[in-house]
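Quick notes on the structure that follows.
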Amino acid sequence: MKIKDAEIISLMQNPRTQEKGVRALMDAYQSRLYWHIRRIIVDGDLAQDTLQETFIKAYQNFHQFKNDSQLYTWLYRIATNEALQQVNKMKKMQKTDEDPEYYMQNLVADNTDGDAEEIQLLLQNAIQSLPEKQKLVFMMRYYDDLPYEEISKIVDMSVGTLKTNYHYAKQKIEEFIKENYER
């Protein structure tokens with residue numbers, strides 16, 4: 001039985017049931033948030049750490065949840081901010097095994113089994129090459145199928161700007177795949 005957001009919020013707001021609320025929150029959103037973070041960060045272990053940080057921040061700051069947006073929108077915003085902080089930390093490091101570009105290059109080199117895998121890898125490389133805003137908008141729209149209005153609340157951008165970013169991201173991804181796909 002899936003617990004509803006209203007129940008999670010009620011549990012989280014009561015100090016006696018807050019621990020149960022945190023478990024319910026994690027059960028309800030762990031998978032979706034992990035894959036959202038993972039598409040930004042790429043490295044599975046680092047994505048898992050970022051997910052844990054997301055839930056810690058949500059727990060510590062639940063008193064700031066105003067109930068003027070959906071619970072997952074609020075959580076996605078926290079997860080996005082945490083993931084972007086990790087990306088910024090990674091950019092400051094020299095290229096190592098943890099660097100997303102290094103990781104994706106090795107992944108492409110190691111996986112040449114089939115066209116579907118090649119296109120999937122090209123897609124991931126193309127997404128990683130996008131500017132941060134375009135990457136975020138594209139992933140939330142393409143993978144998570146979020147409406148522009150929800151994305152707008154998560155990343156604090158106007159719907160028009162989001163649509164423009166998504167359009168440019170799609171164009172860049174298509175060009176990247178056409179240029180790099182070898183049959």
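Residues passing the side-chain hydrogen bond (donor to acceptor under 3.5 Å, both in side chains) test with Thr161, sequence neighbours excluded: Ser158. The side-chain hydrogen bond (donor to acceptor under 3.5 Å, both in side chains) search around Glu150 returns Thr73, not counting sequence neighbours. Partners of Asp145 by salt bridge (Lys or Arg N to Asp or Glu O under 4.0 Å), not counting sequence neighbours: none found. Arg141 is linked by a salt bridge (Lys or Arg N to Asp or Glu O under 4.0 Å) to nothing, counting only residues two or more places apart in sequence or in another chain. Scanning for salt bridge (Lys or Arg N to Asp or Glu O under 4.0 Å) contacts around Asp144 gives Arg39, with sequence neighbours left out. Under the side-chain hydrogen bond (donor to acceptor under 3.5 Å, both in side chains) criterion, Ser10 pairs with no residue, sequence neighbours left out.
No more than 12 heavy atoms of other residues, nucleotides or ligands shown are found within 6.0 angstrom of OH on Tyr59.
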With side chain to side chain contact (heavy atoms under 4.5 Å, CB included) as the criterion, how do Met157 and Asn165 come out once you've worked through the C-alpha distance, each side chain's angles and the decisive distance to 0.1 Å? CA-CA 10 Å; Met157 272 191 240; Asn165 275 297; 3.9 Å; yes

Side chains of residues 167-174: which donor-acceptor partners sit under 3.5 Å, not counting sequence neighbours?
from   : atom 1 : to     : atom 2 : distance (Å)
His167 : NE2    : Gln171 : NE2    : 3.4
Lys172 : NZ     : Gln134 : OE1    : 3.1

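What you find for Thr80 and Met140 is that their closest heavy atoms are OG1-CE, 4.1 Å. Closest approach of Ile8 to Ala28, counting heavy atoms only: CD1-CB, 3.9 Å. Nearest approach of Thr50 to Ala83, heavy atoms of both residues: CG2-N, 3.7 Å. Nearest approach of Asp43 to Arg38, heavy atoms of both residues: C-NE, 4.0 Å. Ala126 and Ser129 get closest at one heavy-atom pair: O-OG, 2.7 Å.
For the salt bridge (Lys or Arg N to Asp or Glu O under 4.0 Å) condition, the pairs that include at least one residue of residues 9-22, sequence neighbours left out, are Glu19-Arg23. Residue pairs satisfying the ring pair (Phe, Tyr, Trp, His ring centres under 6.0 Å) criterion with at least one member in residues 117-151, sequence neighbours excluded, are listed as follows: Phe138-Tyr142, Phe138-Tyr166. Sorted by first and then second residue, the salt bridge (Lys or Arg N to Asp or Glu O under 4.0 Å) pairs involving residues 55-76 (not counting sequence neighbours) are Lys57-Glu82. For residues 69-81, every residue pair satisfying the salt bridge (Lys or Arg N to Asp or Glu O under 4.0 Å) rule, not counting sequence neighbours, is listed here: Arg77-Asp156. Residues in residues 28-52 take part in these ring pair (Phe, Tyr, Trp, His ring centres under 6.0 Å) pairs, two or more places apart or across chains: His36-Tyr76.
Checked by atom type and distance alone, the side chain of Asn61 never pairs as donor or acceptor with a backbone atom of Gln64 at under 3.5 Å.
Ile41 and Leu123 fall within a single hydrophobic cluster, where Ile, Leu, Val, Met, Phe, Trp and Tyr are joined by side-chain heavy atoms under 4.5 Å apart, directly or via other members. Cluster membership check: Ile56 does not share its hydrophobic cluster with Leu25, using side-chain heavy-atom separations under 4.5 Å among Ile, Leu, Val, Met, Phe, Trp and Tyr.
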